2 protein chains.
Amino acid sequence: MKKYFKILRKCPLFDQITDDNLLRMLVCLGARVETFEKKYTIFAEGAPANHIGIVLSGSAQIIQVDYFGNRSILNSIEPAQMFAEAFACAEVRSMPVSVIANEPCEVMLIDCRHILHTCSNNCEFHQQLIFNLMKDLATKTIMFHQRIEITSKRTTREKLMAYLLLQAKKSGSNSFDVPFDRQELADYLEVDRSGLSAEIGKMKKEGLIDNSKKHFVLL
Amino acid sequence: MKKYFKILRKCPLFDQITDDNLLRMLVCLGARVETFEKKYTIFAEGAPANHIGIVLSGSAQIIQVDYFGNRSILNSIEPAQMFAEAFACAEVRSMPVSVIANEPCEVMLIDCRHILHTCSNNCEFHQQLIFNLMKDLATKTIMFHQRIEITSKRTTREKLMAYLLLQAKKSGSNSFDVPFDRQELADYLEVDRSGLSAEIGKMKKEGLIDNSKKHFVLL
DNA sequence: TAAAATCTGTTGAATTTTCAACAAAACGGA
DNA sequence: TCCGTTTTGTTGAAAATTCAACAGATTTTA
């Protein structure tokens with residue numbers, strides 16, 4: 001487990017937890033690590049929603065697929081970030097979304113019931129973990145607000161521009177990579193892929209942006 | 001304060017809190033009640049985000065207005081529900097959304113810092129409140145997932161149908177009221193109002209739904 | 001009660017998106 | 001390196017949304 005400490009220290013779940021306590025805590029929580037190949041399903045829609053996931057390496061995507069097969073990408077999960085914590089904390093029966101490995105992944109899984117319900121050892125760190133979960137959920141809620149601000153725009157160009165402006169702000173630079181290929185970006189922005197490609201082409205011609213694959217520059 | 005107990009007991013923030021403790025707690029937290037007329041701003045975008053709001057009577061709406069004046073309605077807040085808790089818990093500087101009274105409202109305001117940071121009295125209920133906040137935030141996250149499932153649909157009809165199906169499920173009946181007038185429903189679904197009116201008319205003609213004002217029936 | 005303000009439904013034109021199909025480019029594996 | 005697969009850009013036609021304008025209905029206010 002020790003080899004994961006460097007990344008786990010960055011995970012908001014373990015804020016304010018000393019290195020000394022972290023190892024014992026992981027044992028007590030029954031944390032385990034699993035690996036997934038690219039495109040493999042980490043959590044399937046409909047599966048029990050008991051576990052919190054933490055991406056240790058690689059990346060994952062939260063997706064919804066509707067009755068007609070249309071995919072929405074809700075979020076991209078990078079190393080040290082958590083996923084499925086809302087469903088585990090709300091104690092819903094089953095997952096309403098799927099989580100897919102976007103590249104080869106190492107994922108730590110923790111049964112959330114071990115966090116929410118005090119264990120027989122009566123460890124004091126439960127309170128800190130619950131506080132950290134609360135903070136994380138509040139942050140996730142804000143991310144959803146930002147996503148809604150983007151997808152509520154009515155045209156492909158407005159959505160893309162709103163998304164790129166936010167990414168530039170987050171990265172602190174006008175030159176940055178996005179975590180999506182074209183189809184994925186379209187499924188995040190809720191637009192048609194070919195329309196998105198066309199719009200990117202137009203905006204390049206107009207000198208608004210520069211782009212090559214996943215790299216974008218705001219001009 | 002006692003006159004609000006009946007509704008406060010239904011607020012998820014006070015789950016597992018005994019009536020005896022509730023009054024003392026409200027004093028300790030510095031809770032206060034304010035009233036707002038219809039359409040008045042409870043929290044303005046850009047204002048400090050320190051307070052959690054609880055709707056005691058009436059209802060409120062969470063709205064985003066973009067640069068061009070386009071309004072999105074993120075959520076409707078009914079009595080006993082909280083709002084702005086995510087921003088207060090995440091300790092962001094200022095509100096990224098506005099909260100508007102949808103009808104005459106009584107609102108309880110609690111400075112979230114009194115919940116997150118233990119007070120000098122060292123009351124034991126902080127832990128329970130933080131646990132309750134975590135549960136509430138998890139539930140709110142799930143609500144956003146549902147909203148995204150609705151607004152990610154590409155046509156007005158699909159969005160409306162997805163919304164109505166969810167409302168029917170929530171109300172436990174095929175006959176129910178929605179908390180929005182036409183323009184508000186359009187701003188929630190992220191579609192054009194006139195297009196929405198036209199689509200409702202078509203669906204009535206096709207015998208899919210019945211509707212009058214805010215009342216809908218799924219046939 | 002009457003007048004004013006707001007809300008709703010309807011229309012047609014303009015804009016935009018979606019859809020399907022295809023070819024070029026990029027990628028990955030043998 | 002070559003071949004098969006995946007990704008990306010491009011196109012045009014069909015479908016849907018948006019927009020502006022207006023009239024009738026409803027609600028609010030004086």
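Reminder, nothing fancy here: chain letters follow the sequence lines and each chain counts from 1. Because the structure is predicted, anything quoted here is derived from the model rather than measured. The figures here come from the full heavy-atom set of this structure, side chains too, leaving out hydrogens, waters and symmetry mates.
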Novice: So, does T155(B) get its side chain near the phosphate of dA16(D), meaning an N or O under 4.0 Å from OP1 or OP2?
Specialist: no
Novice: Can you list, pair by pair, the side-chain donor-acceptor contacts under 3.5 Å of residues 52-59 of chain B, counting residues two or more places apart and other chains?
Specialist:
unit_1 : atom_1 : unit_2  : atom_2 : d
S57(B) : OG     : E106(B) : N      : 3.4
S57(B) : OG     : E106(B) : OE1    : 2.9
S59(B) : OG     : E103(B) : OE2    : 2.7

Novice: On DNA chain C, does the nearest nucleotide to K205(B) precede the nearest nucleotide to G195(A) from the 5' side, or the other way round? Give the residue.
Specialist: K205(B)
Novice: Atom NZ of K214(B) and atom P of dA25(D): how far apart are they, to the nearest Å?
Specialist: 21 Å
Novice: Could R113(A) and E91(A) be called an ion pair, given the rule that one side-chain N must be under 4.0 Å from one carboxylate O?
Specialist: no
Novice: Can you pull out every salt bridge (charged side-chain N to carboxylate O under 4.0 Å, His left out) where at least one residue sits in residues 59-69 of chain A? Sequence neighbours excluded, please.
Specialist: D66(A)-K153(B)
Novice: Round to the nearest Å and state the distance from K39(B) atom NZ to dT27(D) atom C1'.
Specialist: 11 Å
Novice: Would you check if the side chain of D181(B) reaches a backbone N or O of L185(B) as a donor-acceptor pair within less than 3.5 Å?
Specialist: no
Novice: Please report, rounded to the nearest Å, how far the P atom of dT6(D) is from the CD atom of E184(A).
Specialist: 14 Å
Novice: Would you classify R193(B) as touching base, sugar-phosphate or nothing, given that sugar-phosphate means primed atoms plus P, OP1 and OP2, and contacts are heavy atoms under 4.0 Å?
Specialist: base
Novice: Atom CG of L196(B) to atom P of dT18(D): distance rounded to whole Å?
Specialist: 10 Å
Novice: Whole angstroms only, please: what is the NZ-P distance between K159(B) and dA16(D)?
Specialist: 14 Å
Novice: Measure the acute angle between the ring planes of F87(A) and H145(B), then classify it against the limits of 30° and 60° as parallel, tilted or perpendicular.
Specialist: perpendicular
Novice: Ignoring backbone atoms, test whether K213(B) places a side-chain nitrogen or oxygen under 4.0 Å from the OP1 or OP2 oxygen of dC7(C).
Specialist: no
Novice: What pairs of residues pass the salt bridge (charged side-chain N to carboxylate O under 4.0 Å, His left out) test when at least one of them lies in residues 204-219 of chain B, not counting sequence neighbours?
Specialist: R157(B)-E206(B)
Novice: Measure from the side-chain N and O atoms of R182(A) to the backbone N and O of S194(A), and report whether any donor-acceptor pair falls under 3.5 Å.
Specialist: no
Novice: Report the end-to-end axis angle of the helix from dT1(C)-dA30(D) to dA30(C)-dT1(D); each axis comes from five terminal pairs, and the value is rounded to 10°.
Specialist: 60°
Novice: Mind listing the residues from residues 174-182 of chain A sitting with a heavy atom below 4.0 Å of DNA chain C? Number order is fine.
Specialist: none
Novice: Would you kindly give the CG-to-C1' distance between D192(A) and dG9(D), to the nearest whole Å?
Specialist: 12 Å
Novice: Mind checking what makes side-chain contact (heavy atoms from CB on, under 4.5 Å) contact with T156(A), not counting sequence neighbours?
Specialist: V191(A), L196(A), E199(A)
Novice: Compare side-chain N and O positions of S194(B) against OP1 and OP2 of dG9(C) and report whether any pair is under 4.0 Å apart.
Specialist: no
Novice: Using whole Å, what does the distance between atom C1' of nucleotide dT18(C) and atom CZ of R154(B) come to?
Specialist: 9 Å
Novice: Nearest whole Å is fine: how far is dT18(D) P from Q183(B) CD?
Specialist: 12 Å
Novice: Taking K10(B) for its side chain and P79(B) for its backbone only, find out whether a donor-acceptor pair lies under 3.5 Å.
Specialist: no
